[in-house]
Number of protein chains: 2
Amino acid sequence: MTFPLHLAISEKLRDRIRAGIYRPGDQLPSEHQLMAEFEVSRITARRAIANLTQQGLVNVQRGKGAFVSTQQKVVYSLSSPLLLEADLARQDIEITVQTLSFERVTAPVHVQKILNCAIAYLQKKVLLFNNVPSCVDITYIVPELAKAHGKELRQKLTFTTLEKYGICIQKIDAVIECTQADYETGEQLEVSLGHPLIVYRHTAFTEAGAIVHGESISRGDRFCYSIQIDRMIAPDL
Amino acid sequence: MTFPLHLAISEKLRDRIRAGIYRPGDQLPSEHQLMAEFEVSRITARRAIANLTQQGLVNVQRGKGAFVSTQQKVVYSLSSPLLLEADLARQDIEITVQTLSFERVTAPVHVQKILNCAIAYLQKKVLLFNNVPSCVDITYIVPELAKAHGKELRQKLTFTTLEKYGICIQKIDAVIECTQADYETGEQLEVSLGHPLIVYRHTAFTEAGAIVHGESISRGDRFCYSIQIDRMIAPDL
DNA sequence: TAGTGGTCTAGACCACGGT
DNA sequence: CCGTGGTCTAGACCACTAG
């Protein structure tokens, strides 16, 4: 097991970032400078930089250079999903909805089972936070609601709209996981292939049953979820 | 904006995976075969494969080849954290705790504020699921509890142990986010640099206050979190 | 125009896995 | 032994950003 050169270099650079020698926003040495300093080929220097970008520590700008990234994640509270907009306002974030498509489709089988209907409306939208594309949302909505509130659903957040018209969400089942961007999603979120993404896959229920199923795919470097679990249920197995 | 060759190739290979031409577990064409088929240099062929591994679609084994990965994520239910072990047993998963260190330290400032004490015990452990390292857990525990139950805490899950001794968790504040592996974490979880990770950062409270603060870092390709939000609180702003 | 990163090539050596 | 992937080099051309 030999220790790769590119890794040795990226670890050294990472240490400098952690030590504050390179501070957030600073420009890293250029590829040429790294080649000189560490006496390596350009490919190896590039690989070292790639390691750092892969860890989210730096972001590179073509023609300009590589810069130490400044992290500051937006928090989405799951304990009060309806408050998202108010929540974000408190964090000084303006939210914009950009609907890419909204059409009647035959739902995929697993969605048919969840929503208990064969036809659904499929909405694809991008959420912009302070005009930065941060979240791709793909949602299946039962036809009744989609038809009744289509216009508003295109321009606002799903739950906000439903709530406004007195549709009361009783329960949400959700899974949070992470993936990495494929080319298409990368384009939409303005990130490169393989960029870490956080996925919130949810089903919303009224008393009558499931009405909405969708997934929100967000940039992992700008987004996180918070939860408060209040009372614990003792194990009874 | 020219479309990179390596991307064109990885997209083509990805389509084949999605189409089922290469099925989970199958071996992809070797680098040499890709060089021949697409008439590119080895570096470009390698880059195409790298794109796919970065998206979690394939994993490569040195000396053997690249294989389409077979996903099957372990679900950690946040609605009943105490039931984790029972939950996993239901998913046919055996869990092993491997404590790396357990020592008395002066806590970092932000932890001091949370736990409201300057000295804490820092436990680092690895959780193995069916003997596959899947989760690195770094936890600060208030001294009273750490001293009283140190032996058991080393071998079992934190919450399970506390519960056993009648310490009742009233509330958990948590944040879920994602990162990518640095070299050290990569070693521990047996993944490469930049591998997607999902982080569960939590603080547990009894009636008396915070007693535990830690973060669980899991492989993003094997792990996800589920939540059930039961009753919704109407916005009152 | 000069400097930056992005892509690509051809060729080399090493380490691992299975025969 | 051979085939596989992992690392590295030297050199080339292109595209973007700035002064």
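Throughout, a chain's letter reflects where its sequence line sits, starting with A, and its residues are numbered from 1.
Between B:Y225 and B:Y76, the two ring planes are tilted [angle within 30° to 60°]. By the 30° and 60° cut-offs, the orientation of the rings of A:F102 relative to A:Y121 is tilted.
Across the helix from C:dT1-D:dA18 to C:dG18-D:dC1, the helix axis at one end is tilted relative to the axis at the other end by 10° (nearest 10 degrees, each axis from five pairs).
Under the side-chain contact (heavy atoms from CB on, under 4.5 Å) criterion, B:P24 pairs with B:T70, sequence neighbours left out. Applying the side chain to side chain donor-acceptor pair (under 3.5 Å) rule to B:D221 yields the partners B:H195, B:R219; only residues at least two apart in sequence or on another chain are considered. Every residue two or more places apart in sequence or in another chain was checked for a side chain to side chain donor-acceptor pair (under 3.5 Å) with A:S218, and none qualifies. Residues passing the side-chain contact (heavy atoms from CB on, under 4.5 Å) test with A:V97 are A:T99, A:K125, A:L127, A:L157, sequence neighbours excluded. With sequence neighbours left out, the side-chain contact (heavy atoms from CB on, under 4.5 Å) criterion links A:E103 to A:V105.
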Between side-chain atoms of residues 128-136 of chain A and protein atoms elsewhere (two or more places apart, or another chain), which donor-acceptor pairs fall under 3.5 Å?
{"from": "A:N130", "atom 1": "OD1", "to": "A:E94", "atom 2": "N", "distance (Å)": "2.8"}
{"from": "A:S134", "atom 1": "OG", "to": "A:V132", "atom 2": "O", "distance (Å)": "2.9"}

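Checking the phosphate oxygens (OP1, OP2) of C:dT9, a side-chain nitrogen or oxygen of B:T44 falls inside 4.0 Å. Close to C:dT7, at under 4.0 Å from its OP1 or OP2, lies a side-chain N or O of B:H6.
Separating the CZ atom of A:F3 from the C1' atom of D:dT7 is a distance of 13 Å, rounded to the nearest angstrom. Look at CZ on A:R47: it is 8 Å from P on D:dC8, rounded to the nearest Å. To the nearest angstrom, P of D:dG6 lies 14 Å from NE2 of B:H32.
For residues 51-63 of chain B, no pair satisfies salt bridge (Lys or Arg N to Asp or Glu O under 4.0 Å), with sequence neighbours left out. A salt bridge (Lys or Arg N to Asp or Glu O under 4.0 Å) check over residues 38-55 of chain A, counting only residues at least two apart or in different chains, returns the pairs A:E31-A:R42, A:E31-A:R46.
Residues from residues 23-31 of chain B placing a heavy atom under 4.0 Å of any atom in DNA chain D, listed by number, are B:S30, B:E31. If you check residues 59-68 of chain B against DNA chain C, the residues with a heavy atom closer than 4.0 Å are B:R62, B:G63, B:K64, listed by number.
When every heavy atom of A:A50 is checked against every heavy atom of A:T53, the shortest pair comes out as O-OG1, 2.8 Å.
When heavy atoms are screened at a 4.0 angstrom cut-off, A:R46 is found touching base atoms of the nucleic acid. Residue A:L5 is classed as a sugar-phosphate contact, given heavy-atom separations below 4.0 Å to backbone atoms only.
Of the N and O atoms on the side chains of B:D87 and B:S77, not one donor lies less than 3.5 Å from an acceptor on the other residue.
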Protein-nucleotides 10-12 of chain D N/O pairs under 3.5 Å:
{"from": "D:dA12", "atom 1": "N6", "to": "A:R42", "atom 2": "NH1", "distance (Å)": "3.0"}

